[in-house]
Every structure is written in C-alpha cells, then in structure tokens.
Protein chains: 2
Amino acid sequence: MATIEDVAKAAGVSASTVSYVLSGKRSISAPTRRRVEQAIATLGYRPHAGARALASSRTNVIGLMAPLRSGVDVSVVMQFVTGVVTRARDVDHDVLLLTQDDSGGLERVAAGSMVDAIVVMDVEADDPRLPVLRALRQPTVLIGLPHDPAGLSCVDLDFEAAGRLGAVRLAQEGHRQVALVGSPPEVMDRHTSYADRVVRGFRQGCDEHGVRHVVVPCEPTPDGARRAVDAVLADAPGTTGLVVHNERALPHVLAHLAERGHDVPGDAAVVAICPTDVALAQRLPLTSIDIPGELIGGVAVDMVMARLGGDQPAETRLIAPELTARASTAAREV
Amino acid sequence: MATIEDVAKAAGVSASTVSYVLSGKRSISAPTRRRVEQAIATLGYRPHAGARALASSRTNVIGLMAPLRSGVDVSVVMQFVTGVVTRARDVDHDVLLLTQDDSGGLERVAAGSMVDAIVVMDVEADDPRLPVLRALRQPTVLIGLPHDPAGLSCVDLDFEAAGRLGAVRLAQEGHRQVALVGSPPEVMDRHTSYADRVVRGFRQGCDEHGVRHVVVPCEPTPDGARRAVDAVLADAPGTTGLVVHNERALPHVLAHLAERGHDVPGDAAVVAICPTDVALAQRLPLTSIDIPGELIGGVAVDMVMARLGGDQPAETRLIAPELTARASTAAREV
DNA sequence: ATGAAAGCGCTAACAT
DNA sequence: ATGTTAGCGCTTTCAT
C-alpha cells in the first residue's frame with residue numbers, strides 16, 4: 001500500500017503538503033495541487049484509516065445501535081438503518097453496526113475510539129443505556145424519546161401526535177367506539193418508547209372527542225391478530241374503527257376482519273400507523289399515518305454531525321405525523 | 001482517556017507488558033498479570049482502535065456489504081446480517097455496514113485498512129464486484145454463488161438443490177403439472193444468484209420426474225401475486241402444485257388461491273422456500289424448505305476468519321436444503 | 001505557499 | 001518473565 005510519504009515523493013513535495021491537499025485545511029497552489037492529485041491517482045493512494053484516527057482523533061465512522069429485539073418489525077428497522085447509512089455516506093462517514101442491546105458494545109466502540117458519534121435505536125422509556133450514553137465523550141442521538149432525555153439529543157416521529165391523529169380522525173368520521181390494536185405485548189412490556197407514546201396519544205385523542213375506546217396489544221401472527229380482533233369485538237362490540245400500529249399483524253387483522261364478515265371500511269374503518277409502502281401492500285390500500293424511517297434516520301445523522309462540529313446543546317426533534325386517506329376509511333353515515 | 005502508558009505506570013510495568021497481558025502473546029507471571037488487570041480496571045482503560053490498527057495491521061472489523069435494494073426481502077436479509085454480526089462478536093470483531101449502492105465502498109474500506117475481511121451478500125451471477133474483490137488483500141466471502149467463483153470463497157444455501165427438492169417432493173406426492181412462483185422480476189433480471197439457481201434446480205427436478213411445469217416471476221404485492229397465480233392457472237390449467245420462492249408474495253399468493261376457490265393443499269399444494277418463521281406465520285403452516293440465514297451468516301464469518309488466519313485456499317460451501325412437511329402439502333389421491 | 005518534525009497510542013522485534 | 005525501542009502512517013504545530 002502506498003503511504004502519504006510515497007505520494008509526497010512522487011509529487012516532489014512534503015508529506016504535510018499532501019495531507020493539506022487532502023484536507024483542504026490550507027491553501028495550495030494550483031500546480032502543486034495538480035501534481036499531488038496526479039500522484040495520488042497513479043499510486044492509488046488511500047489514507048490509512050487507523051493512522052488518521054490516531055493522529056486526528058476522528059474516525060469518520062458513526063456507531064449505530066440497532067437491536068433486533070423480538071416483536072419489532074425488521075423491515076421498519078431497516079428503513080431507519082438505510083436512512084442512517086445513506087446520510088452518513090453523504091457526509092463522508094461509514095457506519096459500524098451494533099445489534100446487541102448491551103451497553104458494553106457502546107462502551108467498547110466509544111472508549112476504543114472506533115466511532116465519532118453514536119445513533120441509538122429502539123429506545124425504551126427508562127432505557128438502561130441512557131446513563132452510559134450520557135457519560136460518553138462522543139455525541140449521541142436517540143431515535144425515540146425516553147422519559148428523561150436530559151443531555152441527549154432525540155429524534156423520532158411524534159408518535160403521541162400520531163396516536164392522537166388516528167383517534168381524532170376516526171372521531172371526526174363519526175365513530176363513537178374505537179380500538180387501538182397496538183404493538184406486540186413484549187414491546188409494550190418493555191415500554192418501548194414509540195409503543196407507549198402511541199397509546200398515550202390515542203387515549204388522549206379519544207378522550208378529547210368523547211369516544212369510547214379500548215387498547216389491545218397484538219402478537220404479530222395470524223393467531224395473535226385473531227385474538228386481538230376477537231378481544232376488541234368481545235369487550236367492545238360496538239367498535240367501528242381501528243387504529244392499527246403493528247406492521248406485521250396488519251395483514252392478519254384485515255384477514256380476520258374479513259373472515260368475521262366485517263367489511264372495511266363499511267363495518268370497520270382502519271387507520272394504520274406504518275410505513276407507506278406497508279399500507280399500500282395490503283389487500284386494500286390503507287388510510288395511514290406514515291412512519292418515515294429513512295427520513296428520521298437521516299435527520300439523526302444530521303443532528304449527530306451538528307453536535308460533532310460545534311458545541312450545540314442537546315435537542316429533541318419530533319416529526320409531525322401526516323395522515324393520508326385511502327380506501328380503509330370513509331365518513332360514516334349517520 | 002487512559003493510555004497503555006498510564007496503565008503501565010499504574011501497574012509498575014512497561015507498556016509492552018500491558019500489551020502482552022492483553023494479547024496473551026507471551027506468558028506473564030500471575031502477580032504481574034493481576035496488577036496490570038487491576039490497573040486496567042481502575043483506569044477504565046481501552047486500547048485505542050486506531051493505534052492498534054496502525055501498529056498491528058489488524059482492525060478487528062469485518063466489512064459487510066448488504067443489499068438494501070428493491071425486491072429483496074429485508075427481513076430475510078436481516079437474518080443473514082444477524083448471523084454475521086453475532087458470529088463476528090463471538091470472534092471479537094465488529095461489523096462495518098456497507099450498502100450495495102455504495103459502489104466505491106469496498107475499495108474505500110479495504111484500501112483504507114478499515115476492515116480485516118469482507119462479507120458480500122446478494123451476489124449476482126456475473127457480479128461486477130467480483131474483479132474488485134479479487135484484487136483486495138483482505139479475504140472475502142460471498143454469500144451467494146456467482147458463475148465463476150475462482151479465487152473467492154462462497155457460502156450459501158444450495159438453492160439449486162432446494163429448487164429441485166421442491167419439485168421432486170411435489171412429483172412424489174403425485175403432481176403432474178407444477179409451477180414455480182419465483183422472485184420478483186427485477187431480482188430475476190439481475191440474475192441474482194439464488195433466483196437463478198432455484199429456477200435451474202426446479203426445472204431439473206421436474207424434468208427428471210417427467211412433470212410439466214411453468215416458472216413465473218412474481219412482484220411482492222397483492223396485485224403481483226394475483227397476476228402470477230392467474231398466469232399459472234391460465235397457461236397451465238392443470239397445475240396442482242406450487243413451489244413459492246418469494247417471502248413477501250407468499251401471503252398474497254395464498255390469499256388469491258383462496259379467493260379463486262382453490263383449497264390448499266386439496267386443490268393446490270404449496271412448498272415454500274423461505275425462512276421457517278415466515279412459513280409458520282402464514283394462514284396455515286406451510287411445508288417449507290428453510291433458508292437458514294443466521295446459520296449461513298455465521299458460517300460466512302467463520303470462513304473469512306479462517307482465511308485471515310492461515311493461507312487457506314478459497315472454498316465454496318453449499319448448505320444442503322431440508323424440507324419440513326406441514327399443512328400445505330399432502331399426498332395426492334390417485 | 002510549503003517544509004520539518006513532533007507526536008498520536010499501540011505492537012512486536014530485539015534484548016536480557 | 002519482563003523491559004527497550006523502533007516504527008506503523010498520519011495530522012498539525014511551528015518555522016520560514
């Protein structure tokens with residue numbers, strides 16, 4: 001492998017000049033720059049990442065903790081991951097992937113100076129990783145919103161507003177009894193940030209509009225969906241509207257409604273909180289509130305880079321939800 | 001951050017002794033080892049990854065190029081990724097995530113010495129990355145099987161055998177006219193390694209058993225599945241058995257069969273080639289040939305690590321497919 | 001506008 | 001069994 005010294009020699013300059021050509025941190029005369037670039041090209045020179053990190057304390061790598069816990073939909077996770085990786089490349093960074101949800105991994109990559117910054121997904125209300133993250137010298141962004149985000153930057157869809165929006169929409173369309181078919185029980189039990197927030201927003205929206213409601217968690221399986229739908233119909237027989245926040249259960253919920261003879265949207269309106277492509281891949285195109293994973297992943301990178309640059313304070317950004325009406329809802333005749 | 005020098009001082013030894021305690025590359029007396037470990041613990045010392053990489057030419061990072069592109073089922077991809085990351089951690093490595101459309105990514109991380117080894121997923125028959133990979137000094141393992149794997153190690157499910165196995169099973173159960181509902185058209189068109197091989201094996205299996213057959217690609221949408229099923233039933237009305245190799249289309253294929261009044265397995269038997277959890281998450285548990293993604297990902301890491309150690313030659317490993325009979329097939333009455 | 005030189009923190013000969 | 005020392009390949013003062 002060619003080193004910076006080889007390049008310098010070939011271009012008839014010093015190593016530091018090559019370094020400055022590469023970094024742009026000082027002005028270089030046009031002819032010099034040209035010779036250096038020429039030399040770099042012909043030698044196929046690439047700076048050694050480790051040497052660079054050692055000398056500059058910058059790795060140009062972002063750590064991404066994407067735990068693949070049970071109950072979370074991997075395809076949704078991947079949209080966030082894609083957003084992070086894509087935006088990271090835009091700002092000349094690579095991504096180191098951590099999938100274990102232990103704080104050991106965080107400390108290893110952070111204290112070992114493997115990464116410049118860290119993005120953490122799948123945050124819980126009282127996430128045990130928070131104290132660890134607060135202690136790191138690398139800036140951190142959470143995708144999600146814990147109880148106490150003090151000192152940490154956060155970004156996410158405003159899931160509370162999304163839950164409320166779903167409820168309010170159903171209320172406005174004339175439904176008086178609705179249900180939230182939510183995340184799998186284990187996700188709820190962990191108090192995964194987004195699950196908690198959707199429930200809270202949904203309840204508030206219903207209460208504000210005097211709409212009766214029930215909330216049921218839902219296993220992402222055919223049987224789980226059957227049980228959830230049956231539970232709703234048993235506990236609250238007058239239910240005519242559903243907010244479903246569970247990508248994998250969605251097809252089964254729809255299938256079971258059909259099986260029980262409930263027409264959508266005639267007998268039961270459905271508002272899905274899910275990525276748009278999921279809403280469009282169902283048996284009928286669903287009215288939905290998009291989860292813009294790629295966007296959010298990209299914003300997470302922007303935020304973390306901003307904090308890397310200056311000494312910006314931590315900040316929380318919640319993306320406003322947007323509802324797109326499709327074939328699974330319709331104004332109710334009175 | 002504490003350095004190795006700090007630790008050495010605290011333990012009353014030289015830096016190299018600390019290094020050797022950490023690496024185990026020479027024997028250390030029990031008392032010395034204890035003092036060093038004590039110092040490491042109290043100082044919270046972590047070796048600087050860059051410094052280590054610079055001095056040792058080892059990063060303890062594996063590069064993983066994973067597809068985040070259209071047509072591939074991300075949940076299947078994630079199983080492979082999980083296998084890679086999990087096994088990598090077992091052998092004390094981290095994973096740097098590269099995406100397919102990051103064309104220069106391989107050269108960047110390889111020439112920049114960011115990774116010790118590379119695992120590449122979603123390989124095409126004539127993958128344009130092959131020449132690049134052959135030129136790298138880091139060992140590489142492909143998950144998939146290109147036309148000409150010369151010089152590169154490969155590991156994958158034996159998809160050709162899987163395609164054949166599906167066909168043969170249907171033949172043995174008495175079907176005389178069968179169909180393969182395959183990968184999405186764009187995956188076929190790219191000649192993605194696994195798609196090609198399934199088709200080839202399926203055809204061979206049918207031919208060997210004198211079974212008539214058709215092959216249709218299938219968009220992973222409700223409409224796509226409808227079109228695929230309709231095409232099969234139009235072109236080959238006597239079709240009674242289906243091999244489906246398309247995770248996302250699977251539920252829609254089953255739904256459309258039901259809609260057209262075809263009972264499974266009575267009127268149409270279905271053998272799915274997909275991860276077992278996908279086969280079990282359908283409306284009825286499917287007879288399936290498992291795609292053991294985690295296993296294969298782990299094996300990929302083992303292979304690449306083996307090549308890192310010694311100077312093993314490149315090798316190709318194909319995992320034999322196994323069919324598990326469930327509710328979607330049944331011996332045919334004659 | 002460019003060069004010289006001092007590290008960055010570690011590993012691995014080479015000593016003893 | 002342990003210490004000494006020469007780099008690994010960069011970045012970045014400090015000079016000029």
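In the text below, chain A, chain B and the rest are named by the order of the sequence lines, each starting its count at 1.
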With hydrogens left out and only the distance checked, is there a donor-acceptor pair under 3.5 Å joining A:T17's side chain and the base of C:dA1?
no
Quiz item: A:S29 side-chain donor-acceptor pair to C:dT2 base, under 3.5 Å
no
Residues that B:D127 engages under salt bridge (charged side-chain N to carboxylate O under 4.0 Å, His left out), provided they are two or more places apart:
B:R129
Ignoring hydrogens and angles, are the base of C:dG9 and the side chain of A:R52 linked by a donor-acceptor pair under 3.5 Å?
no
Whole-Å distance, A:I4 CD1 to D:dG9 P, equals 11 Å
For the helix from C:dA1-D:dT16 to C:dT16-D:dA1, figure out the bend between the end axes, five pairs an end, and round to 10 degrees.
30°
Using only modelled atom types and a 3.5 angstrom limit, is any donor from either the side chain of A:Y20 or the base of C:dA1 paired with an acceptor on the other?
no
Is B:D90 paired with B:R87 through a side-chain N to carboxylate O contact shorter than 4.0 Å?
yes
Which nucleotide in C:dA4, C:dT11, D:dG9 has an atom nearest any side-chain atom of A:H48
D:dG9
Apply side-chain hydrogen bond (donor to acceptor under 3.5 Å, both in side chains) to residues B:R137 and B:S113 and explain how you reach the verdict.
CA-CA 10 Å; B:R137 55 182 182 351; B:S113 297; 2.9 Å; yes
Nucleotide C:dT2, atom P - distance to NZ of A:K25 in whole Å
18 Å
Between D:dG9 atom P and A:D6 atom CG, what is the distance in whole Å?
9 Å
Let me know the distance between CG of A:L22 and P of D:dG9, rounded to the nearest Å.
16 Å
Pair B:R89 + B:D94, salt bridge at N-O below 4.0 Å:
yes
